[in-house]
Colleague: 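Have a look at the structure that comes next, please.
Computed over heavy atoms, backbone and side chain alike; hydrogens, waters and symmetry mates excluded. Chain letters run A, B, ... following the sequence lines, proteins first and then strands; every chain starts at 1.
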Amino acid sequence: DQQVKQNSPSLSVQEGRISILNCDYTNSMFDYFLWYKKYPAEGPTFLISISSIKDKNEDGRFTVFLNKSAKHLSLHIVPSQPGDSAVYFCAASGAYGGSTLGRLYFGRGTQLTVWP
Amino acid sequence: DAGVTQSPTHLIKTRGQQVTLRCSPKSGHDTVSWYQQALGQGPQFIFQYYEEEERQRGNFPDRFSGHQFPNYSSELNVNALLLGDSALYLCASSSPETTGPLHFGNGTRLTVT
């Protein structure tokens, strides 16, 4: 059973515009959420995270929003750049910090393409 | 500062064979987790090693086993390979002392024919 879902397998956005990637989860015990970016032939690279005590976290062009009541989070990239083209994975953990953070539940990913 | 390193990069095996994949964690990390990423899927948790013991395990059969060495490096062993074991195997490291995210290696691409 997929506990983290990314329902859009792909997203195409023009350079300079906003990219919005969505993620839903089913397990109410999740309290730490992460976004990873993955290029072909590389491992996932951490992008940004948010704990359940917050509803927004911002880092440069990247902002993650968390709506706990809806069990939904989203990643906003503004402005989008061609170098952002990659697969984006949403992930969730049941414990904030500690070695239990090692177990992440991933979505299937969304392929973002940013065109000039 | 070396990140997570995995070897080999690619591997081709035949059904029924056994395979061993290796991982060295990021400097300062003592916990190693293994994930399997099948084509078109997100990474799936296999197991986690800390203090040379398996601490958590995902929904994988006993054909998947692992080991952690005193220097924190780790091995993933898969016995009696099936075609469905073909995937990218990712190693990730972390530390109980920090609350930072997992750091992943570039993975080992295993193809079972």
Side-chain angles (χ1 to χ4, degrees), chain A residues 1-10 21 23-25 27 30-54 57 59 62 64 86-111, chain B residues 3-7 9-10 21 23-26 29-51 53-60 66 68 72 74 87-109:
Chain A
D1 184 28
Q2 195 79 11
Q3 299 189 51
V4 177
K5 300 178 182 179
Q6 294 177 257
N7 292 320
S8 297
S10 64
L21 296 94
C23 177
D24 297 292
Y25 62 96
N27 191 336
F30 289 151
D31 61 5
Y32 189 56
F33 304 89
L34 308 89
W35 285 93
Y36 281 85
K37 178 170 70 174
K38 188 179 184 303
Y39 295 115
E42 293 184 11
T45 302
F46 170 73
L47 197 56
I48 192 170
S49 63
I50 188 168
S51 72
S52 59
I53 61 174
K54 296 184 176 181
N57 189 27
D59 184 3
F62 303 92
V64 56
V87 177
Y88 288 77
F89 290 101
C90 172
S93 173
Y96 181 69
S99 62
T100 52
L101 184 60
R103 178 163 194 169
L104 293 179
Y105 297 81
F106 283 84
R108 293 187 176 185
T110 297
Q111 171 69 59
Chain B
V4 179
T5 58
Q6 293 186 243
S7 62
T9 306
H10 295 87
L21 311 182
C23 172
S24 292
K26 178 179 169 65
H29 286 181
D30 55 9
T31 303
V32 173
S33 302
W34 287 92
Y35 288 78
Q36 179 197 66
Q37 186 184 4
L39 194 62
Q41 305 291 319
Q44 298 290 316
F45 177 78
I46 303 175
F47 43 52
Q48 180 189 78
Y49 276 83
Y50 173 67
E51 293 186 337
E53 291 189 0
E54 182 183 295
R55 296 193 62 176
Q56 297 186 71
R57 189 178 183 92
N59 189 26
F60 279 80
Q68 186 179 35
Y72 310 126
S74 177
L88 179 67
Y89 288 84
L90 296 163
C91 172
S93 71
S94 58
S95 170
E97 304 303 319
T98 69
T99 57
L102 285 185
H103 294 260
F104 284 87
N106 286 336
T108 294
R109 172 71 62 186

Colleague: Report, as yes or no, whether the 6.0 Å neighbourhood of atom OH on B:Tyr72 holds more than 12 heavy atoms from other residues, nucleotides or ligands.
Modeller: no
Colleague: Considering non-hydrogen atoms only, spot the tightest contact between B:Gln37 and A:Phe89 and give its length.
Modeller: NE2-CZ, 3.2 Å
Colleague: Need one label for A:Ala41: side chain, backbone, both or neither, based on atoms under 4.5 Å from any heavy atom in chain B.
Modeller: backbone
Colleague: Could you look at A:Tyr36 and say if it's the side chain, the backbone, both or neither that has a heavy atom under 4.5 Å from chain B?
Modeller: side chain
Colleague: On a heavy-atom basis, which atom in A:Arg103 and which in B:Phe45 lie closest, and how many Å separate them?
Modeller: NE-CD2, 3.6 Å
Colleague: Could you tell me the separation between the CD atom of A:Glu42 and the CG atom of B:Leu90, rounded to the nearest 0.5 Å?
Modeller: 12.0 Å
Colleague: Which pair of heavy atoms, one from A:Pro44 and one from B:Gly105, lies closest together, and at what distance?
Modeller: CD-O, 4.5 Å
